[in-house]
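In what follows, every heavy atom counts, from backbone to side chain, and hydrogens, waters and symmetry copies are set aside. Lettering of chains follows the sequences in order, A, B, ..., and the numbering in each one begins at 1. Owing to the predicted nature of the structure, the values given are computational and were not obtained by experimental measurement.
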Amino acid sequence: MSPKTLYDKIWDAHVVQEDEDGTSLLYIDRHLVHEVTSAQAFEGLRMNGRKVRAPEKTIAVPDHNVPTTEGREDPAQMTEESRIQVEALDTNAKEFGVHYYPVSDVRQGIVHIVGPENGWTLPGMTVVCGDSHTATHGAFGSLAHGIGTSEVEHVLATQTLIQKKSLNMKVEITGKLKPGVTAKDITLAVIGETGTGGGTGYVIEYCGEAIRDLSMEGRMTVCNMAIEGGARAGLIAPDETTFNYVKGRAHAPKGAQWEAALTWWKTLYTDEGAHFDKVVTLKGEDIQPVVTWGTSPEDVLPITGVVPHPEEFEGGKVEAARRAIEYMGLEAGQKLTDIEIDTVFIGSCTNGRIEDLRAVADVVKGKKIKDGIRAMVVPGSGLVRAQAEEEGLADIFKEAGFEWRLAGCSMCLAMNPDQLSEGERCASTSNRNFEGRQGYKGRTHLVSPAMAAAAALTGKLTDVRELM
Amino acid sequence: MEKFEKLTGIAAPMPLVNIDTDMIIPKVFLKSIKRTGFGVNLFDEMRYNRDGTEIEDFVLNKPQYRNTEILIAGDNFGCGSSREHAPWAIKDFGIKCVVSTSFADIFFNNCFKNGILPIVLPQEQIDLLMADAEKGENARMTVDLEAQEITTSDGEVVKFDVDAFKKHCLLNGLDDIGLSLEKVASIDSFEEKAAQARPWV
């Protein structure tokens, strides 16, 4: 048998039927659902008299619209439209009988944090959700990617997806990371290297010593942004770190089934000599704490750099860079560490897990954020929030001057009331710095949690290594 | 789904690279629970001032491009989120075909589910079409899916590739779910085997 990649193995295990031209029906093991991209899909089922084929494999949670302030059960905290969307999910979850974590449930949170946390996401699975950051779940060695609402309806009705196989891409991060450098810096550095279209048509497998050394949470951060590099999905082969994370979680297998699962999971790695269509290698020790300066996640530079001149680019990127620098209110040649910020956002499916919050607490413990800075910590789930309170992190944040919020997507995409105002500049641990992403004419600099914490203390983009 | 066979219409140039889904339809408009009505907010932040007045020099606001049906776009069009509201807005505006050097994967798939034809062409041919689209109302291109050809206003013919299955579905306006449900016996038997092999799923 010819050697296979990890992606090949998971793909092969899920093909229901393959046509001559490679168009395949792929079986879906887990379908995650949130309120923004599902209402039309459920309505489609209703109109056609169809049922959810596998409600036991379907998990729904509201996250995008929900307020993150206390007393959010009060519908007045949501706009009329947001409330209707969340209520539609409540109704659809009940009517179609899928697993559901309503706003009132302590386990509610961002769908990509809820899935792994509760043991829904397991190695070797196919996982989809009407959300591009479904790539997150690839950290478990599961094939996970975002889909549109029509495909959500397709999966609800058939538990399958019509797919053609992507190409294989390997991203290897060799060696060790330097102090102050995190999973977020890895994933941004990779996008800086490949561009936002560099992964288009591929499924990425991240590997190498620096990836192996990451915790599950760090691996989720890396895979989360595979989509920002254009890839359909990002994967990391499961290992002891993965198994230890999964074991004992609410929906993880137990007893004899655990042993059977483990036996299979241990076969989920890329065989020696398997073919990759594209290979990118970065040295871990070369990666520095990075920030984005522009309005595309590929606009990445080490914090020690300066805002580039548009002429440094080629083709259509020259105009895009000119537009980005103007939008961001920057000047070419300006030192990144001279950029003053107004706001710090810590949270999102990229960096809203407990280790992210610990990293922030490490930097801000016993200190105060700079006067005039608005800073908020939005835990990724109610369980993360509870744990952070138990560990004393919440007190550290509050004493430093951060707002301590309830769980949700919040200012990552600003569908709820957490938004930037026009011209407001934010150091954000989220995943997209697009124009208007965090609010109309808002300005986003993507950074790691530790870097965001450093910026909160100084009021400027800051090299966290100087505070260590 | 509406069929896509042959289209003759005005093409508009949008050469900016990395046009993302937040540009195509900002999140404030994602709160509808319907699939229609998004066209008025297509490219909202590029198209309107904060007070709702139009930004004159935005391409689709120019008189000659108000009835655009074909978009000639810069590289990596549709990057970002999975929101199908992006193609819904494009379709609702009246655009049925987008041509670029590359598209983001999820956006590309979403187009086909909504009767929109996304076409990938090399830079040279995009340059040719972009120049033709610059002519405004006079640039009426024809996109023939069956023949896999774009004909410019000057009569130049550009061939394009399209996935055979997706072409078949577009030409016939086929509903994917209906097609897949015809394979329900295969899905049943896969599920049975998978339940044996991986009972913990």
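- Between B:Ile106 and A:Ile227 there is a side-chain heavy-atom pair separated by less than 4.5 Å.
- Of the atoms belonging to B:Ser102, not a single heavy atom falls under 4.5 Å from chain A.
- Contacts between A:Thr200 and chain B at a heavy-atom distance below 4.5 Å involve the side chain alone, from C-beta outward.
- Residue A:Ala231 does not touch chain B at all, counting heavy-atom pairs closer than 4.5 Å.
- B:Arg35 touches chain A through backbone and side chain together, each having a heavy atom under 4.5 Å away.
- Heavy atoms of A:Glu20 lying under 4.5 Å from chain B are absent altogether.
- Remark: A:Phe434 CZ to B:Ile24 CD1 distance equals 9.5 Å, nearest 0.5 Å.
- Residue A:Ser296 holds its OG atom at 7.5 Å from CG of B:Asn76, rounded to the nearest 0.5 Å.
- Using modelled atom types, no side-chain atom of B:Lys34 and backbone atom of A:Gln40 make a donor-acceptor pair closer than 3.5 Å.
- The part of A:Thr160 that comes within reach of chain B is its side chain, from C-beta onward, which places non-hydrogen atoms under 4.5 angstrom from that chain.
- Here the side chains of B:Ser180 and A:Ile162 are in contact, with some heavy-atom distance below 4.5 Å.
- When the candidates B:Lys193, B:Lys166, B:Met23, B:Arg50 are compared by the number of heavy-atom contacts under 4.5 Å with chain A, B:Arg50 comes out ahead.
- Between B:Glu45 and A:Tyr440, the side chains place no donor N or O within less than 3.5 Å of an acceptor N or O (distance only, hydrogens not considered).
- Looking at A:Met125, only its side chain comes within 4.5 Å of chain B, counting heavy atoms on both sides.
- Contact annotation for A:Val152: neither backbone nor side-chain heavy atoms come within less than 4.5 Å of a heavy atom of chain B.
- Inter-residue side-chain proximity for B:Lys183 and A:Leu25 is flagged as met; some heavy-atom pair is nearer than 4.5 Å.
- At a 4.5 Å heavy-atom cutoff, A:Ala256 makes no contact with chain B through either its backbone or its side chain.
- Of the listed residues (A:Leu413, A:Leu122, A:Asn431, A:Asn48), the greatest number of heavy-atom pairs within a distance under 4.5 Å of chain B belongs to A:Leu413.
- For A:Ser82, the parts lying near chain B are the backbone and the side chain together; criterion is any non-hydrogen pair under 4.5 Å.
- Atom NE2 of A:His154 sits about 6.0 Å away from atom CD1 of B:Ile177, to the nearest 0.5 Å.
- A distance-only check finds no donor-acceptor pair linking the side chain of A:Glu435 to the backbone of B:Met46 [under 3.5 Å].
- Contacts between A:Ala414 and chain B at a heavy-atom distance below 4.5 Å involve backbone atoms as well as side-chain atoms.
- With hydrogens and angles disregarded, a donor-acceptor distance shorter than 3.5 Å links the side chain of A:Arg432 to the backbone of B:Gly80.
- In terms of non-hydrogen atom pairs under 4.5 Å with chain A, the most contact-rich of B:Ser81, B:Gly74, B:Gly178 is B:Ser81.
- Taking A:Arg437, A:Glu35, A:Glu56 one by one and counting their heavy-atom pairs under 4.5 Å with chain B, the maximum is reached by A:Arg437.
- Aromatic ring orientation, B:Trp200 versus A:Trp265: perpendicular (interplanar angle above 60°, classes split at 30° and 60°).
- Per-residue counts of heavy-atom pairs under 4.5 Å with chain A were compared for B:Leu16, B:Asp175, B:Val28; the largest is that of B:Leu16.
- Proximity of B:Asn18 to A:Glu298: side-chain heavy atoms (C-beta onward) are separated by under 4.5 Å at one or more points.
- With respect to chain B, the highest number of heavy-atom pairs below 4.5 Å among A:Thr134, A:Ile84, A:Ile147, A:Asp21 belongs to A:Ile147.
- The residue among B:Thr21, B:Asp163, B:Asp44 with the most heavy atom pairs within less than 4.5 Å of chain A is B:Asp163.
- In this structure, A:Ala320 and B:Val17 approach most closely via the heavy-atom pair CB-CG2, 3.6 Å.
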Inset, instruction - Start with the C-alpha gap between A:Gln163 and B:Asn109, add the side-chain angles, then the distance that decides, and say whether side-chain hydrogen bond (donor to acceptor under 3.5 Å, both in side chains) holds. - result: CA-CA 10 Å; A:Gln163 289 275 290; B:Asn109 284 328; over 6 Å; no
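- Both the backbone and the side chain of B:Ile33 come within less than 4.5 Å of a heavy atom in chain A.
- Heavy atoms of A:Asp19 lying under 4.5 Å from chain B belong exclusively to its side chain.
- Note on B:Pro199, B:Ser189, B:Ala194, B:Pro87: by heavy-atom pairs under 4.5 Å with chain A, the leading option is B:Pro199.
- Smallest separation of non-hydrogen atoms from A:Arg53 and B:Asp188: NH2-OD1, 2.7 Å.
- Heavy-atom pairs under 4.5 Å with chain B were tallied for A:Glu319, A:His133, A:Arg30, A:Gln159; the largest tally goes to A:Arg30.
- Within 6.0 Å of the NZ atom in A:Lys254, the count of heavy atoms belonging to other residues, nucleotides or ligands exceeds 12.
- Of the possible donor and acceptor atoms, none in the side chain of B:Arg83 sits under 3.5 Å from a partner among the backbone N and O of A:Gly130.
- Top candidate by heavy-atom pairs under 4.5 Å with chain A, chosen from B:Ser32, B:Pro26, B:Pro15, is B:Ser32.
- Residue contact with chain A, scored on non-hydrogen atoms closer than 4.5 Å, involves the backbone of B:Phe103 exclusively.
- Heavy-atom distances place both the backbone and the side chain of B:Leu30 under 4.5 Å from chain A.
- Only the side chain of A:Gln17 comes within less than 4.5 Å of a heavy atom of chain B; its backbone N, CA, C and O stay farther away.
- Counting heavy-atom pairs under 4.5 Å between each of A:Lys164, A:Glu43, A:His145, A:Glu228 and chain B puts A:Lys164 at the top.
- Using a 3.5 Å distance cut-off with no hydrogens or angles, the side chains of A:Asp131 and B:Ser82 do not pair a donor with an acceptor.
- Top candidate by heavy-atom pairs under 4.5 Å with chain B, chosen from A:Ser150, A:Gly201, A:Ala260, is A:Ser150.
- Under a 3.5 Å cut-off, the side chain of A:Glu81 and the backbone N or O of B:Lys31 do not form any donor-acceptor pair.
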